[in-house]
Amino acid sequence: AVLDQFAAAAFGGVALETMALGRRLVTRLDPSTLAPFFASAPPVLAAATPAQVAEAIGAVLSDPADAGGRGAAAQRWMQGEHGTQRQLALQFAAFERLAPA
């Protein structure tokens, strides 16, 4: 698992790479900020307080091989929500709205 980004409730490059590799991610995340961009929130172990971080670490340690499949779910989320095809489709749709008819 990777623990990353607890100062801001957002994710960046490390989080995206972690999920793309199918690893579990413990991070501070506010799903409401992601709603305009993604159909669903990423399957991370959300933690904003020290107690939540400790709980998330405990969850990782109690399932060292990730039998629960959270890493694989994160990888699927990346492919569907943040994958190249989806990003290109969104960009092309935006360009079409801006281009004169």
Side-chain angles (χ1 to χ4, degrees):
V2 173
L3 284 71
D4 180 54
Q5 189 64 29
F6 297 101
F11 60 83
V14 171
L16 296 173
E17 291 174 11
T18 298
M19 292 187 292
L21 291 170
R23 300 297 182 257
R24 292 169 285 180
L25 174 66
V26 179
T27 190
R28 182 175 174 194
L29 191 64
D30 179 0
S32 68
T33 63
L34 302 177
F37 306 103
F38 304 109
S40 63
V44 302
L45 293 157
T49 67
Q52 291 170 335
V53 172
E55 183 178 332
I57 291 171
V60 170
L61 292 175
S62 69
D63 183 13
D66 194 18
R70 189 176 293 270
Q75 192 171 48
R76 285 190 302 274
W77 184 89
M78 281 294 293
Q79 292 166 349
E81 293 288 336
H82 205 278
T84 304
Q85 294 303 317
R86 182 173 189 275
Q87 295 302 313
L88 286 174
L90 291 171
Q91 288 179 21
F92 287 141
F95 292 143
E96 286 177 5
R97 289 191 300 272
L98 296 173

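All figures in this text were calculated on a predicted structure; none of them were measured in a lab.
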*Asks:* Do Val60 and Val44 sit in one hydrophobic cluster, given that two such residues count as connected whenever their side-chain heavy atoms are within less than 4.5 Å of each other, even indirectly?
*Replies:*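 Different hydrophobic clusters.
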*Asks:* Check for me, please, whether Leu25 and Leu21 land in the same ILVMFWY cluster - side-chain distances under 4.5 Å, paths through other members count.
*Replies:* no
*Asks:* Is Phe38 reachable from Leu16 through a run of I, L, V, M, F, W or Y residues, each pair having side-chain heavy atoms under 4.5 Å apart?
*Replies:* yes
*Asks:* Counting C-beta onward and ignoring hydrogens, is there a side-chain heavy-atom pair between Val26 and Phe6 closer than 4.5 Å?
*Replies:* yes
*Asks:* What pairs meet the side chain to side chain donor-acceptor pair (under 3.5 Å) rule with one or both residues in residues 7-35, with sequence neighbours excluded?
*Replies:*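 Only Asp30-Ser32 qualify under side chain to side chain donor-acceptor pair (under 3.5 Å).
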*Asks:* Tell me, please, which residues at least two apart from Leu88 pass side-chain contact (heavy atoms from CB on, under 4.5 Å).
*Replies:*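 Once residues adjacent in sequence are excluded, the partners of Leu88 under the side-chain contact (heavy atoms from CB on, under 4.5 Å) criterion are Thr84, Phe92.
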*Asks:* Once side chain to side chain donor-acceptor pair (under 3.5 Å) is applied, what residue pairs with a partner in residues 54-81 remain, sequence neighbours excluded?
*Replies:* Ser40-Trp77
*Asks:* Any chain of hydrophobic side-chain contacts (each under 4.5 Å) joining Met78 to Leu29?
*Replies:* yes
*Asks:* Locate the shortest heavy-atom distance separating Leu34 from Pro42; write the atom from each residue and the value.
*Replies:* CD1-CD, 3.5 Å
